[in-house]
Amino acid sequence: MSKKNTKIKIASVELKNPVMTASGTFGSGREYSDFVDLNRLGAIVVKGVADKPWKGNPSPRIAEVYGGMINSVGLQNPGVEHFIKEDIPFLRQFDTKIIVNVCGHSVEEYINVVKRLRGEDIDLIELNISCPNVSEGGMAFGTDKNMVNMVVGEVKKYADKPLIVKLSPNVTDITEIAKAAVDGGADALSLINTLSAMKIDIYRRKPVLERKIGGMSGPAIKPIAVRMVYQVCKCVDVPVIGMGGISNSEDAIEFIMAGATGVSIGTANFNNPYVTMEVIDGIEEYMDKYDIQDLSSIRGIID
Amino acid sequence: MKTVVLAQVLSNKAISGDIGDIYDMTVKAPQIADNAVAGQFVGIYADRDSLLLPRPISICEIEADKGILRFVYQKIGKGTEYFSKLKACDSIKILGPSGNGYMLNDNISEHIIVGGGIGIPPLLELTKRLKGKKSAVLGFRSSSFLVDEFKKYADDVYIASDDGSVGFKGNAVELLKSLKIKGKMIYSCGPRAMLRSLSIYAHQEGIPCQVSMEERMACTIGACVGCSIKIKNDDDWIYKKVCKDGPVFDSEEVIWE
Ligand SMILES: Cc1cc2nc3c(=O)[nH]c(=O)nc-3n(C[C@H](O)[C@H](O)[C@H](O)COP(=O)(O)OP(=O)(O)OC[C@H]3O[C@@H](n4cnc5c(N)ncnc54)[C@H](O)[C@@H]3O)c2cc1C
Ligand SMILES: Cc1cc2nc3c(=O)[nH]c(=O)nc-3n(C[C@H](O)[C@H](O)[C@H](O)COP(=O)(O)O)c2cc1C
Ligand code: FES
């Protein structure tokens with residue numbers, strides 16, 4: 001078995017393989033270290049980090065649906081100080097890249113986190129623009145192209161690491177938002193975040209989630225995610241990290257063929273804690289079987 | 001250390017319950033049985049593409065020397081219905097052990113164990129492990145289960161049912177109050193409303209009380225922050241994870257609302 005090249009590059013950062021964890025589904029890696037050799041991952045994308053601790057939404061926060069789940073965690077997180085103190089030293093023990101997912105209720109809050117992360121030992125920043133914009137009545141930043149352009153531009157001024165912008169799929173035209181983010185200075189894009197969704201318990205006659213509406217993830221959303229990654233890759237020149245329902249190496253390869261440089265795995269970890277390892281192995285086996293020397297030879301091969 | 005194992009089902013049968021919906025399953029899972037303690041739970045997968053998430057089920061009994069785990073569960077939805085159809089020699093994917101389990105203190109000599117309905121199973125392993133005088137108060141909807149086994153390990157077992165068809169008519173907490181059972185620590189698991197009234201009673205009587213809580217889960221191992229409940233924190237409160245910080249909490253810490 002000859003050594004295949006699975007390396008990828010996101011802006012200036014080289015990852016040993018394209019497989020990452022999706023923000024919010026892998027904690028800070030610790031919880032999965034019983035199952036996963038964290039050294040093997042291309043990168044760990046940590047859960048959303050805000051400038052101050054966020055309490056998140058009331059429970060129930062989880063509803064299982066056909067082929068997936070809906071969550072209304074509400075970006076509960078212990079804040080950037082905690083992250084710097086507890087999680088960076090833990091993650092740095094491993095030979096993998098650290099991508100910090102950043103959330104905020106306002107442009108200032110995003111900037112506060114990014115400023116605080118300056119000089120810290122991390123590799124990339126992922127900006128979650130699916131957060132509710134409090135001053136705009138809670139509408140997500142990521143649903144308006146002008147707002148996206150502005151937030152990305154402002155945050156970029158303070159970031160000392162390359163900036164990935166994570167797109168919300170809850171928009172009419174994802175390509176418009178993608179272009180606005182790249183115009184604003186995004187070094188890479190990641191997509192998709194969860195799709196707005198709801199489940200009603202017909203026996204109790206009320207929504208399963210206390211917040212009624214949440215974000216859907218898991219295998220059922222994959223075709224939508226593949227379509228969006230495909231469309232976005234056709235219209236921007238920056239690397240794209242694809243995600244949404246990836247549960248095995250075939251799913252991952254599908255995203256790469258749609259144009260993705262890297263892939264992230266989220267909900268599938270809950271079903272199979274070993275899934276990230278299996279995807280890494282599966283991609284290598286596929287490359288062996290079809291004699292692919294470098295992933296770039298299958299990337300974006302769909303017209 | 002947690003692992004996922006493909007466990008062999010040794011037995012699986014309905015054991016009463018009011019409408020025959022309570023099942024008793026044993027599986028061979030030495031990797032999990034080896035380091036599990038009373039009050040911990042596992043995530044059991046239904047092995048269907050449409051049912052992705054592990055179902056949290058408490059460990060009812062642990063036979064570490066034989067590598068056997070026992071679960072007693074209620075058939076209530078799609079996942080537990082799938083479990084109810086498993087037969088000996090089938091295999092089932094299980095993640096565990098998860099959670100903290102009950103805190104045991106050998107200096108405590110008098111224990112009160114309070115269980116309601118499908119919250120009763122995890123208290124069996126606990127009752128086995130506690131040392132000293134043990135009184136168990138068990139509340140059912142209508143018909144009872146596991147009572148004879150509790151009698152093996154507890155000094156006294158008191159029974160209640162909502163409709164009075166077995167034992168005292170009422171719930172386990174009402175029975176506990178009426179009996180004025182003495183003890184230095186209460187251990188409990190059951191419906192939230194029961195745990196709440198129990199925690200008020202325990203507070204009034206000045207008896208420390210451990211409650212095992214329930215919440216909907218996605219990962220069962222502390223990664224998704226899906227299973228948060230409100231826990232007191234000085235003058236304020238914080239969310240803690242039932243799957244990792246719990247499921248067992250000090251009843252004084254829980255914000256019941
Ligand atoms: C720590 C813990 C220990 C438990 N121990 C036991 C036990 O020993 N025996 C037993 O019978 N039951 C136990 N339960 C409840 C059990 O998890 C649910 O009854 C079970 O998940 C229902 O799954 P289902 O697919 O049959 O139901 P469905 O309603 O079809 O499930 C849909 C989704 O909701 C979740 N869900 C539904 N009800 C509950 C619930 N009450 N708590 C948490 N999640 C729920 C399911 O896990 C699934 O994700 C425990 C719950 C927790 C949190
Ligand atoms: C429980 C949960 C929490 C999540 N938290 C975040 C988050 O903090 N920040 C973020 O950008 N995305 C978050 N996401 C979205 C995922 O990172 C991912 O974009 C989405 O779930 C689609 O991928 P999947 O189908 O593989 O899960 C979360 C998803 C889930 C299921
Ligand atoms: S279920 Fe995921 S953190 Fe508890």
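The chains referred to below are lettered A, B, ... by the order of the sequence lines, with proteins before strands, and numbering in each begins at 1. Here the structure is a predicted model, which means the values were calculated and not measured.
For A:Val208, the part lying near chain B is the side chain, with the backbone staying farther off; criterion is any non-hydrogen pair under 4.5 Å. No part of A:Pro53 comes within reach of chain B, as not one of its non-hydrogen atoms sits under 4.5 angstrom from that chain.
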- Item | B:Leu53/A:Met69 under side-chain contact (heavy atoms from CB on, under 4.5 Å): CA gap, chis, key distance, verdict | CA-CA 8 Å; B:Leu53 302 177; A:Met69 59 175 277; 4.1 Å; yes
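Of all heavy-atom pairs spanning A:Pro273 and B:Leu95, the tightest one is CG-CD1, 3.7 Å. Minimum heavy-atom separation, A:Phe270 to B:Ala218: CB-O, 3.6 Å. Closest non-hydrogen pair, A:Gly67 versus B:Leu52, comes out as C-CD1, 3.7 Å.
For A:Glu81, the side chain to side chain donor-acceptor pair (under 3.5 Å) criterion is met by A:Arg116, not counting sequence neighbours.
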Can you pull out the donor-acceptor contacts between chain A and chain B, under 3.5 Å, including backbone atoms?
from, atom 1, to, atom 2, distance (Å)
A:Gly27, N, B:Ala223, O, 3.3
A:Glu31, OE2, B:Lys244, NZ, 3.3
A:Asp34, OD2, B:Lys2, N, 2.8
A:Lys55, NZ, B:Asp236, OD1, 3.2
A:Lys55, NZ, B:Asp236, OD2, 3.2
A:Lys55, NZ, B:Trp237, O, 3.1
A:Asn57, O, B:Tyr239, OH, 3.3
A:Ser59, OG, B:Ser228, O, 2.5
A:Arg61, NH1, B:Val225, O, 2.7
A:Arg61, NH1, B:Ser228, OG, 3.0
A:Glu64, OE1, B:Arg55, NH1, 3.2
A:Glu64, OE1, B:Arg55, NH2, 2.7
A:Glu64, OE2, B:Leu52, N, 3.0
A:Glu64, OE2, B:Leu53, N, 2.9
A:Glu64, OE2, B:Arg55, NH1, 2.8
A:Gln76, OE1, B:Ser228, OG, 3.0
A:Phe270, O, B:Tyr45, OH, 2.9
A:Asn271, O, B:Lys93, NZ, 2.9
A:Asn271, ND2, B:Leu52, O, 2.8
A:Tyr274, OH, B:Val4, N, 3.2

